[in-house]
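I have placed the structure first, in the form of structure tokens, so that the comments after it can refer back to it.
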Protein chains: 2
Amino acid sequence: MPAKKDEKENLLGITAKKDADFSEWYQQVLLKSEFVDYSSVSGCIVLRPAAYAVWEKIQSYVDIRLKKMGIKNAYFPLFIPESLLKKEATHLTGFSPEVAWVDYGGNTKLGERLAVRPTSETIMYDSYSKWIRSWRDLPLRLNQWNNVVRWEFKNPVPFIRTREFLWNEGHTAFATKPEAEKEIKDIMNLWVDTCENVLALAGIHGKKTEKEKFAGAEYTHALEFVTPNGRLVQGPDAHHDGQIFAKAFNLKFVDKDEKEKYVYQNTWAITTRMIGVMIMAHSDDKGLVLPPKVAPVQIAIVPILFDATKDKVVAECSKLKKELEKEFSVIIDDREGYTPGRKFNEWELKGVPIRIEFGPKDLEKSQAVLVRRDSGEKKTVKLSDVKKEVEKELEAMQISLLEKSRKMLKDSTVNAKTFDELKKAIDSKKIVRAMWCSDSTCEDEIKDKTGGAKLVAIPVDEKPSGKCVYCGKKAEHEVYVSKSY
Amino acid sequence: MPAKKDEKENLLGITAKKDADFSEWYQQVLLKSEFVDYSSVSGCIVLRPAAYAVWEKIQSYVDIRLKKMGIKNAYFPLFIPESLLKKEATHLTGFSPEVAWVDYGGNTKLGERLAVRPTSETIMYDSYSKWIRSWRDLPLRLNQWNNVVRWEFKNPVPFIRTREFLWNEGHTAFATKPEAEKEIKDIMNLWVDTCENVLALAGIHGKKTEKEKFAGAEYTHALEFVTPNGRLVQGPDAHHDGQIFAKAFNLKFVDKDEKEKYVYQNTWAITTRMIGVMIMAHSDDKGLVLPPKVAPVQIAIVPILFDATKDKVVAECSKLKKELEKEFSVIIDDREGYTPGRKFNEWELKGVPIRIEFGPKDLEKSQAVLVRRDSGEKKTVKLSDVKKEVEKELEAMQISLLEKSRKMLKDSTVNAKTFDELKKAIDSKKIVRAMWCSDSTCEDEIKDKTGGAKLVAIPVDEKPSGKCVYCGKKAEHEVYVSKSY
């Protein structure tokens with residue numbers, strides 16, 4: 001074993017504290033755990049294998065469920081001709097400030113410049129208008145998993161705000177409004193399910209205000225998540241577009257009654273942003289904490305190596321690995337030249353849910369030590385019980401993280417009756433739940449006078465009563481108010 | 001049941017013959033089967049659900065096997081700064097004529113224009129140069145599934161040559177050349193396996209000539225496939241880059257012996273082009289023929305509906321579907337208003353491997369009629385045997401298509417001893433196998449004097465002997481000569 005200095009030793013360990021300097025901590029967690037890296041393209045990140053593996057787990061969970069709902073995957077071009085992007089006016093206004101434009105193919109200037117898709121309504125509905133003729137062609141429910149580009153000029157934050165991100169985009173067309181609106185409910189249920197049961201994240205299911213809804217939508221539903229630094233960040237969404245795009249793209253069909261009608265449409269998406277929200281919520285000063293359901297490695301076995309017992313210890317660990325990997329994803333860290341402590345730190349940094357320590361004493365006593373990443377709890381268990389215990393602990397950790405997330409949401413939220421209360425809460429980095437008259441003037445003034453807090457969501461479980469927190473007129477809605485990413 | 005004219009009736013049925021007008025036939029097969037569509041972006045196609053489902057099957061087959069080989073997925077930015085693309089000179093020369101350039105983000109002109117990735121060596125190796133420090137960091141074997149853009153100016157052909165396509169790109173770095181070269185073999189074996197056993201396609205495993213190798217590679221292996229109109233088209237490949245990129249991107253590591261060394265690299269890919277090759281090979285004048293292993297729908301059950309027996313027939317078909325869909329992907333076509341013949345045509349057009357016809361007579365006799373898409377063979381089987389028979393027929397069809405592909409390759413190939421023989425064979429749309437001195441002047445002249453035939457591949461099973469087909473000097477290689485896509 002060479003006494004060679006470990007080149008990586010000095011990279012390990014996060015020096016910033018989550019509570020003290022959240023954004024420095026977030027960057028260090030992501031970079032030092034080798035989860036993502038910055039790239040030479042400003043505002044674009046590299047998803048290293050661990051991050052991409054998390055995305056694959058989210059994708060596969062969602063994809064299976066979308067297919068069961070009868071939605072099919074397809075693939076539409078990355079590029080959108082400028083003329084097509086201009087077809088729906090609100091949509092264009094919403095997206096054109098952040099479009100990346102291609103104007104040269106090789107050395108040839110293009111006749112018409114092409115947008116790199118910021119979202120695919122326009123290119124997809126151009127095709128839909130050719131495909132939809134009769135009621136028999138409906139519903140048309142397509143989804144694509146792809147990359148999109150929005151040329152943000154705000155400060156980029158990995159996962160939360162990057163110029164390119166990965167997502168799915170569902171674009172559906174129905175003969176009737178009730179069918180379309182039923183889908184919005186189904187999709188929102190899927191988003192809640194995915195966030196709670198896979199990412200262990202509790203969110204607010206809300207409707208957007210007119211001001212904040214999607215450019216081209218009749219209304220927008222979304223999940224909003226609180227971050228440890230007291231902001232709300234928007235998660236997956238579902239937009240009911242009514243017949244807005246249908247009219248712009250002439251999406252008409254001949255119904256059973258022989259009449260020509262416009263279709264009703266939805267669009268919905270979940271993006272890689274959720275990975276960032278998840279990491280912000282669960283991770284700690286030691287590094288990543290990944291919920292077992294998305295962790296690319298669920299168990300790291302670390303044999304404690306001494307010359308005399310090394311072979312036997314490693315052999316026993318390999319046996320254990322073989323047994324565990326029937327159900328879990330497991331690695332064994334038998335690298336030489338690293339101390340066990342260094343290995344423990346590395347797997348903690350990388351967010352592996354369970355570490356198993358196994359040394360000569362454990363070999364003697366036919367036992368192993370299980371350490372849970374989230375709580376740090378240690379537990380000595382009989383070798384024959386390891387599999388059962390691991391299963392139990394992984395389930396418990398998944399649930400515990402979700403409970404922690406629920407608690408964070410609750411603890412971060414303050415009810416405000418007056419604008420003064422609202423402002424104080426915002427200043428102390430809280431999320432505010434308040435009453436609102438539904439007038440956009442109040443919405444604007446609240447934003448102005450709080451240094452940027454928005455009416456982020458009208459909760460679907462709202463019980464409006466009393467007076468608007470700003471103007472004192474009769475409240476028509478409850479709202480969540482917060483600064484947002 | 002309304003007597004309403006079926007709007008789609010007149011779209012069904014391919015009017016061009018594969019033998020008589022291959023390229024018109026190919027377009028009609030793809031469009032009329034609703035497999036792909038053109039888009040409003042010139043040279044880019046839409047992969048409709050059936051086509052994308054085929055791609056998903058290819059992806060999942062390959063992805064599982066790559067992961068077993070220890071290769072991990074990641075995601076790198078879509079954009080590559082121009083300065084980065086310029087770092088490896090040969091690579092730049094190879095790709096820059098076909099790069100799509102982004103120069104505006106919203107209304108802001110970018111400081112440096114960005115290439116939409118035509119391939120990701122340069123952006124990935126920029127990261128690799130930060131990540132690789134020690135022998136402990138090797139091998140580094142990453143893969144990404146993504147979209148790439150090559151601004152082709154030749155006539156676009158769906159799947160075969162489009163300006164955007166989907167693929168995987170593997171980019172690996174090893175401490176030693178033998179390890180890297182072992183991977184080239186493993187990957188080429190995976191490509192042969194995938195093409196033969198999933199797509200039912202037999203190809204030529206060859207090495208590229210110096211002229212035809214990848215821009216930046218030391219050598220290139222690829223599979224080449226013959227098309228029914230007598231051309232070779234390149235399929236999946238694997239490039240050994242030696243230390244060419246390593247030197248351009250300074251990919252150095254400290255080895256166990258404490259010395260700094262450059263890594264050895266490979267890159268390899270399979271693309272959506274293979275879907276086009278597969279369709280060209282197997283499909284016929286009735287429409288698509290999809291190998292069972294990639295067919296999104298493997299079995300279409302068509303109940304023959306008469307008013308008196310309709311309910312019973314449909315009930316029996318539903319029972320059958322339930323039984324079959326435990327193992328296969330099945331649909332039941334009980335749409336009203338279409339004749340059985342119209343339905344048979346539609347499922348043939350869409351390439352469903354097995355059709356099951358079931359009417360009142362079959363109900364009486366507890367039987368069903370199985371029809372195989374490739375051979376048109378009909379078979380009446382006992383209801384209780386349907387599952388067993390379907391399984392047998394799907395396997396037989398998969399094998400039969402591969403055998404047909406082998407035969408097509410063999411029948412299309414002609415050995416030529418003289419240039420005269422070579423030219424005649426090329427003129428009559430054959431693939432030529434011939435001897436070559438390995439001089440690029442002969443390569444150029446053969447191309448010139450045949451109106452564009454290239455030395456497409458040096459077969460890995462070559463047995464060079466005798467004289468060069470062009471200059472008569474001693475042969476150093478066997479080559480396949482053909483016009484190509």
Side-chain angles (χ1 to χ4, degrees), chain A residues 2 4 6-8 34 37 39-41 44-49 51-53 55-56 72-81 84 96-108 113-114 116 123 126-127 130-131 133-134 136 142 144 146-147 149 151 153 163-164 166 254 256 258 335, chain B residues 2 4 6-8 34 37 39-41 44-49 51-53 55-56 72-81 84 96-108 113-114 116 123 126-127 130-131 133-134 136 142 144 146-147 149 151 153 163-164 166 254 256 258 335:
Chain A
K4 180 170 159 291
D6 173 17
E7 298 85 355
K8 280 195 175 167
E34 302 185 339
D37 202 355
S39 78
S40 52
V41 186
C44 293
I45 59 170
V46 178
L47 303 191
R48 300 184 71 172
Y52 196 78
W55 182 237
E56 285 180 322
K72 289 178 175 172
N73 288 338
Y75 189 79
F76 288 77
L78 170 68
F79 297 126
I80 303 174
L84 212 54
S96 72
E98 48 185 48
V99 165
W101 292 104
V102 170
D103 67 344
Y104 270 86
N107 297 314
T108 308
R113 62 182 187 160
L114 300 170
V116 181
I123 187 91
D126 187 44
S127 289
K130 289 190 283 175
W131 300 341
R133 291 278 171 270
S134 133
R136 287 184 183 276
L142 300 186
Q144 54 176 345
N146 62 22
N147 54 338
V149 171
W151 211 256
F153 291 93
R163 285 177 170 173
E164 182 190 9
L166 305 181
V254 178
K256 289 182 189 174
E258 305 277 339
R335 289 175 297 174
Chain B
K4 179 168 159 295
D6 172 18
E7 299 87 354
K8 279 195 176 168
E34 302 185 339
D37 202 355
S39 78
S40 52
V41 187
C44 294
I45 58 170
V46 178
L47 303 191
R48 300 183 71 172
Y52 196 77
W55 182 237
E56 285 181 323
K72 290 180 173 169
N73 288 338
Y75 189 79
F76 288 77
L78 171 68
F79 297 126
I80 304 174
L84 211 54
S96 72
E98 49 186 49
V99 165
W101 293 104
V102 170
D103 67 343
Y104 269 86
N107 297 315
T108 308
R113 61 181 186 160
L114 300 170
V116 181
I123 187 91
D126 187 46
S127 290
K130 290 190 281 176
W131 300 341
R133 290 278 172 270
S134 132
R136 287 184 183 278
L142 300 186
Q144 54 177 345
N146 62 23
N147 54 339
V149 171
W151 210 256
F153 291 94
R163 285 176 170 172
E164 182 190 11
L166 304 180
V254 178
K256 290 181 189 174
E258 306 276 340
R335 290 176 295 174

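Each chain gets a letter, A, B and so on, in the order the sequences are listed, and its residues count up from 1. Reckoned from all heavy atoms, side chains included, excluding hydrogens, waters and symmetry mates.
Evaluation of the ring-ring contact (aromatic ring centres under 6.0 Å, His included) rule for A/Y75 yields no partner, not counting sequence neighbours. Applying the salt bridge (charged side-chain N to carboxylate O under 4.0 Å, His left out) test to B/E164 and every residue at least two apart in sequence or in another chain returns nothing.
Of the listed residues (B/E98, B/R113, B/K130), the greatest number of heavy-atom pairs within a distance under 4.5 Å of chain A belongs to B/K130. With respect to chain A, the highest number of heavy-atom pairs below 4.5 Å among B/D37, B/I80, B/D126, B/T108 belongs to B/D37. Highest contact tally toward chain B, considering only A/R48, A/Q144, A/K72, is held by A/R48 [criterion: heavy-atom pairs under 4.5 Å]. The candidate with the highest count of non-hydrogen atom pairs below 4.5 Å against chain B, out of A/N107, A/L114, A/V46, is A/V46. Heavy-atom pairs under 4.5 Å with chain A peak, among B/A51, B/P77, B/S39, at B/P77.
Only the side chain of B/L84 has a heavy atom closer than 4.5 Å to any heavy atom of chain A. Looking at A/W151, the atoms closer than 4.5 Å to chain B (heavy atoms on both sides) all sit in the side chain, from C-beta outward. At a 4.5 Å heavy-atom cutoff, the contact between A/E56 and chain B is made by side-chain atoms alone. Only the side chain of B/L166 comes within less than 4.5 Å of a heavy atom in chain A; its backbone stays farther off. Both the backbone and the side chain of A/L78 have a heavy atom closer than 4.5 Å to some heavy atom of chain B. Proximity to chain A (any heavy atom under 4.5 Å) is restricted, for B/R335, to the side chain, taken from C-beta onward. Looking at B/A100, the atoms closer than 4.5 Å to chain A (heavy atoms on both sides) sit in the backbone and in the side chain alike. When heavy atoms are compared at a cutoff of 4.5 Å, B/P49 approaches chain A by way of both its backbone and its side chain. In this structure, chain B has a heavy atom under 4.5 Å from the backbone of A/P97, while its side chain stays farther away. Proximity to chain A involves both the backbone and the side chain of B/S40, based on heavy atoms less than 4.5 angstrom apart.
The side-chain heavy atoms of A/W131 and A/L142, taken from C-beta on, include a pair separated by under 4.5 Å. Using a 4.5 Å heavy-atom cutoff, the side chains of A/V41 and B/I123 are in contact. The closest side-chain heavy-atom distance from A/V149 to B/F79 is below 4.5 Å. Contact of the A/I45 side chain with the A/L47 side chain is registered, since non-hydrogen atoms from C-beta on lie closer than 4.5 Å.
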Criterion side chain to side chain contact (heavy atoms under 4.5 Å, CB included) on A/F153 and A/R163, from CA distance to verdict: CA-CA 9 Å; A/F153 291 93; A/R163 285 177 170 173; 4.0 Å; yes
Run the side chain to side chain donor-acceptor pair (under 3.5 Å) test on B/N147 and A/N147 for me, step by step, so that the C-alpha distance in whole Å, both residues' side-chain angles and the decisive distance to 0.1 Å come before the verdict. CA-CA 9 Å; B/N147 54 339; A/N147 54 338; 3.3 Å; yes
